[in-house]
Number of protein chains: 2
Amino acid sequence: MNVFSDIIHAMYPVSDESIGKLWAHAEIITLQKGEFLIKDGTVNRNLYLIKSGLLRSFHLEGDREDTLWFATDGDAVASMHSIFAKSPAIADIIALTETTLFQIPWTTLETLYEQCHDLANWGRRIAEEELYCLERRYRILGTGDAYSRFRAFMNLRPNSFIREIPLKDIASYLGMTPQTLSKLRARYAAEK
Amino acid sequence: MNVFSDIIHAMYPVSDESIGKLWAHAEIITLQKGEFLIKDGTVNRNLYLIKSGLLRSFHLEGDREDTLWFATDGDAVASMHSIFAKSPAIADIIALTETTLFQIPWTTLETLYEQCHDLANWGRRIAEEELYCLERRYRILGTGDAYSRFRAFMNLRPNSFIREIPLKDIASYLGMTPQTLSKLRARYAAEK
DNA sequence: GAATCCACTTAACATAGATTAAGAAATCAT
DNA sequence: ATGATTTCTTAATCTATGTTAAGTGGATTC
């Protein structure tokens, strides 16, 4: 599942010809653990498809990090703010493990969306799916008190790639301090 | 700006022929103030375009309401959860004032997206724009303490349709109680 | 045009979760 | 391997915000 065409196909049935056109403009990027894909305040108007690895998007507010999402193999990633407002990104994206990505410039995509009907639908599907994820993320994890958010998170994905994510990042994703998360984990284990 | 074709055009340049195809499947809906467009727990697989009025999306958590967004003239509205997961919606949408909408079934849209290249791009643009809005909503208003969220909100849209929204709903949008919002408003007025 | 109901404000009190601190465990670098 | 960071946990305070309560004004209903 980490070949370029497989990633595209998993999202929407695109013709080989169209995939070829995407591929012609794709560049392969590798990030080491701790390296930034996008820095808050810099312009980045690319779409990224994760071949393998683990990314985290967050924003630095004073000395507190607010984590927006995690992404892994096969996921699409971009700074919509940079792309739409045509201005610097308003969040950081960092690699949690060594990560390999396909990079495609947004301007190229805009052109291809005009040229190829199937790519337009592929682009639509990506945006719709992201939207669906974000809607769920906030409905399920942005609501209730700290413990109910934690439980909702545990129910959501008990044993996926989330295992590899440091607890401090999960705490920030759930909108609490690592200390609070630690307490809730102890409580959760006891209640089970 | 409240004719069907104008709303479509404001999003993406779609041909008259394609707009005609959309129009053939559109139904006009009118909601009175306080009426629900979508009830949490019911399936609703339609896209709505607001001709005029004001909507609020929220989720009832115990006796606390969490407001996700407000929408007004020209905005697109749908329950992505209902559409994608093909299951009941996970939030309510209610009319804050008398609201008139164009309703188009999602299954129809899927068909038209396959048929018409320009509609596929129009659908893509809707999803991307919504994504951009949601990204900003949480980056700007889901971060920091109550007062900084309130200030960010004031800077964002000091004098738009937001004026018509009851303060209790704005409080819920900003993740605080009406009492806290009231205190912050007094503080804000004093500091200015 | 009362009467009733909400929306909004103010204030006293209560509490969930932040902050601070410090030790244990894991990871990283030399 | 060994020392140095960094992560995770536990525990004692502290504070921002929720909760409860009560009063005012504006809107809605009969």
Side-chain angles (χ1 to χ4, degrees), chain A residues 31-36 53-54 56 58-67 70 92 94-98 141-154 161-192, chain B residues 32-35 54 56 58-67 70 94-98 141-154 161-192:
Chain A
L31 299 175
Q32 294 310 309
K33 177 174 176 171
E35 265 191 279
F36 283 88
L54 194 47
R56 177 171 77 99
F58 69 97
H59 168 69
L60 214 66
E61 183 78 14
D63 53 358
R64 166 191 172 160
E65 288 183 357
D66 290 300
T67 294
F70 303 105
D92 291 293
I94 197 171
L96 289 180
T97 64
E98 182 176 330
L141 305 175
T143 223
D145 63 13
Y147 192 49
S148 67
R149 295 198 306 274
F150 170 69
R151 262 185 328 208
F153 177 77
M154 291 301 282
F161 69 91
I162 293 291
R163 289 177 177 286
E164 297 176 49
I165 300 173
L167 288 171
K168 73 181 173 66
D169 292 334
I170 291 179
S172 133
Y173 179 69
L174 293 176
M176 62 185 75
T177 60
Q179 292 89 324
T180 299
L181 177 60
S182 190
K183 232 184 299 185
L184 298 183
R185 274 161 52 83
R187 178 175 159 195
Y188 188 76
E191 281 182 8
K192 262 218 312 198
Chain B
Q32 294 308 309
K33 177 175 176 170
E35 265 190 280
L54 194 46
R56 178 172 76 98
F58 68 97
H59 168 68
L60 214 67
E61 184 78 14
D63 51 359
R64 168 192 170 157
E65 289 182 356
D66 290 299
T67 294
F70 303 104
I94 197 171
L96 289 180
T97 62
E98 181 174 331
L141 304 176
T143 223
D145 64 11
Y147 193 49
S148 68
R149 295 198 306 275
F150 170 68
R151 259 183 331 206
F153 177 77
M154 291 300 282
F161 69 90
I162 293 289
R163 290 178 176 284
E164 295 176 50
I165 300 173
L167 288 171
K168 72 183 174 65
D169 292 333
I170 290 179
S172 132
Y173 179 70
L174 293 176
M176 62 185 74
T177 59
Q179 291 89 326
T180 298
L181 177 60
S182 191
K183 233 185 297 186
L184 298 184
R185 274 160 51 85
R187 180 174 157 194
Y188 188 76
E191 280 183 9
K192 266 217 312 197

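Chain identifiers are assigned alphabetically (A, B, ...) following the order of the sequence lines, protein sequences preceding nucleic acid strands; residue numbering begins at 1 within each chain. Just so we're clear, the structure is a prediction, and the values are computed from it rather than from any experiment.
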Does A:M176 or A:K33 map to a spot on DNA chain C nearer the 5' end, using the closest nucleotide for each?
-> A:M176
Ignoring hydrogens and angles, tell me if any N or O in the side chain of A:R149 forms a donor-acceptor pair with the backbone of A:G144 under 3.5 Å.
-> yes
How many Å lie between CD1 on B:I170 and C1' on C:dC8, as a whole number?
-> 13 Å
Do the side chains of A:I165 and A:Y173 get nearer than 4.5 Å, heavy atoms only?
-> no
Chi angles and distances behind the side-chain hydrogen bond (donor to acceptor under 3.5 Å, both in side chains) call for A:D169, A:S172 | CA-CA 5 Å; A:D169 292 334; A:S172 133; 5.5 Å; no
So which nucleotide from D:dT9, C:dC8, D:dT10 ends up closest to the side chain of A:A186?
-> D:dT10
Take the angle between the ring planes of A:F36 and A:F58 and call it parallel below 30°, perpendicular above 60°, tilted in between.
-> tilted
State which of C:dT9, D:dT10, D:dT9 makes the closest approach to the side chain of B:L167.
-> C:dT9
OP1 or OP2 of D:dC8 less than 4.0 angstrom from a side-chain nitrogen or oxygen of A:R185, does that happen here?
-> no
d(CG, B:D145; C1', C:dG17) in whole Å = 14 Å
Expressed in angstrom and rounded to an integer, what is the separation of A:L181 atom CG from D:dT10 atom P?
-> 11 Å
Under 4.0 angstrom between A:T180 side-chain N/O and C:dG17 OP1 or OP2 | no
Are B:T177 and D:dG18 close enough that a side-chain N or O sits under 4.0 Å from OP1 or OP2?
-> yes
Determine the contact category for A:G34: base if any of its heavy atoms lies under 4.0 Å from a base atom, sugar-phosphate if only primed atoms, P, OP1 or OP2 are that close, otherwise nothing.
-> nothing
Spacing between B:L184 atom CG and C:dT10 atom P, to the nearest angstrom = 12 Å
Rounded distance (Å) that lies between atom C1' of D:dT9 and atom CZ of A:R187 = 17 Å
Value in whole Å for how far the P atom of D:dT17 lies from NZ of B:K183 | 9 Å
Looking at C:dT20, does its base get a donor-acceptor pair with the side chain of A:Q179 below 3.5 Å?
-> yes
